[in-house]
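Numbers here simply count residues along the sequence, with the first being 1.
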Amino acid sequence: MIVITNPSFIEAEISIINSLFEEGLSLLHIRKPDFSEFEMASFIHQIKLEHRSKLVLHNHHDLAENFGINRFHFSEKERKYEVNNPSIFPKHCKYKSTATHSIQDFNSLENDFDYAFLSPVFTSISKEDYHPRENLFESLKSRTNFKAKVIALGGINAENIEKTLQNGFDDVALLGSIWKNENPIKQFKLCQKIVRSYSV
């Protein structure tokens, strides 16, 4: 199970992140589009050293090597318009992910990507008026790409995780259900329990 940071400031965010890792969080995507390079470095520095290998950077990729991070995320725009740029995949980039918004987009991915978000599955919790454009459960029946894992994103919470996994998604990513919750750790543990029970 993946958690994505809230784009904007969250009270006690670093403390929550470290607690999520202690509860067994596998991967944390750091998505802070407005952060300067200095702010990003400061943010990463506050996360416990033993968890750095579980961090995925969405931007300021040039900071990764100094922090021992080898997981990179590339936006849809980067993937489509900078794919011919040889520097898009730095040499220390071992694991790569990206974002897709249709099964056609996902199916057309090259072999470079380990997994991709497919969204929105449900109405977004964190983005106002962000709704599914199609039934992605139906769309997944046309999946031809099995080299990359397909990760459900958008409106994922404890009530719909099981349904999501039953309908063909390999894993789920949480954003709003964690950061909009009064008790993000409790919510994470509940979601984690559902995912683990399904995978047994």
Side-chain angles (χ1 to χ4, degrees), residues 1-78 95 97-99 101 115 117-132 151-162 164 169 171-196:
M1 195 165 61
I2 296 169
V3 169
I4 304 172
T5 61
N6 198 67
S8 55
F9 173 78
I10 294 286
E11 190 72 36
E13 186 172 14
I14 295 295
S15 175
I16 294 169
I17 286 171
N18 283 318
S19 295
L20 288 173
F21 279 126
E22 288 165 11
E23 292 295 340
L25 174 62
S26 299
L27 292 175
L28 177 78
H29 277 242
I30 301 179
R31 182 178 176 272
K32 296 287 186 180
D34 297 328
F35 267 17
S36 67
E37 187 172 288
F38 176 81
E39 289 171 321
M40 180 64 77
S42 177
F43 187 88
I44 296 170
H45 194 266
Q46 296 175 76
I47 297 173
K48 291 182 180 179
L49 187 62
E50 60 264 33
H51 302 313
R52 299 272 174 84
S53 64
K54 304 169 191 172
L55 300 179
V56 184
L57 284 187
H58 280 231
N59 55 353
H60 298 301
H61 290 162
D62 50 333
L63 291 173
E65 192 167 18
N66 289 336
F67 284 100
I69 297 171
N70 59 13
R71 299 177 182 273
F72 291 60
H73 182 86
F74 299 91
S75 69
E76 186 175 42
K77 182 179 178 180
E78 288 172 323
Y95 302 100
S97 62
T98 189
H101 297 91
Y115 61 91
F117 297 133
L118 181 57
S119 68
V121 180
F122 303 101
T123 298
S124 175
I125 301 168
S126 60
K127 292 182 182 179
E128 191 173 346
D129 296 325
Y130 188 46
H131 307 284
I151 312 298
L153 175 64
I156 306 296
N157 58 33
E159 285 71 43
N160 57 36
I161 284 178
E162 188 171 2
T164 302
F169 282 92
D171 206 343
V172 296
L174 309 176
L175 201 167
S177 61
I178 295 295
W179 303 111
K180 296 285 186 181
N181 196 283
E182 291 183 359
N183 192 330
I185 305 302
K186 183 178 179 180
Q187 176 68 9
F188 171 77
K189 290 169 72 174
L190 177 59
C191 292
Q192 182 186 55
K193 183 178 180 181
I194 296 168
V195 170
R196 286 179 171 174

Are the side chain of [X] and the backbone N or O of [Y] linked by a donor-acceptor pair below 3.5 Å?
X	Y	value
Trp179	Pro7	no
His61	His73	yes
Thr5	Arg31	yes
Lys193	Phe188	no
Asn160	Gly155	yes
Asn18	Ser15	no
Arg52	Ile47	yes

Taking the side chain as C-beta and beyond, is there a heavy-atom pair between [X] and [Y] under 4.5 Å?
X	Y	value
Glu76	His101	yes
Met1	Asp171	yes
Leu57	Phe67	no
Phe35	Ile30	no
Tyr115	Leu27	yes
Val195	Gln192	no
Ile185	Leu20	yes
Thr98	Ser75	no

[X] versus [Y], closest heavy-atom pair with distance:
X	Y	value
Leu175	Ile4	CG-O, 3.7 Å
Pro184	Ile16	CG-CD1, 3.8 Å
Phe169	Ile151	CD2-C, 3.8 Å
Cys191	Ala158	SG-N, 3.8 Å
His29	Ser97	CE1-OG, 3.3 Å

Hey, could you give me the [atom1]/[atom2] distance between [X] and [Y], rounded to the nearest 0.5 Å?
X	Y	atom1	atom2	value
Ile14	Phe43	CD1	CZ	4.0 Å
Phe21	Leu55	CZ	CG	5.0 Å
His58	Phe72	NE2	CZ	12.0 Å
Leu25	Lys54	CG	NZ	7.5 Å
Gln46	Ser42	CD	OG	5.0 Å
Ile125	Asn157	CD1	CG	5.0 Å

Exercise. Under 6.0 Å from the NE2 atom of His45, do we count more than 12 heavy atoms belonging to anything else shown?
Worked result: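 Counting neighbours around NE2 of His45, 12 or fewer heavy atoms of other residues, nucleotides or ligands fall under 6.0 Å, so no.
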Exercise. Do Val172 and Val121 pass the side-chain contact (heavy atoms from CB on, under 4.5 Å) test, and can you show the C-alpha distance, the side-chain angles, and the key distance before you say yes or no?
Worked result: CA-CA 10 Å; Val172 296; Val121 180; over 6 Å; no
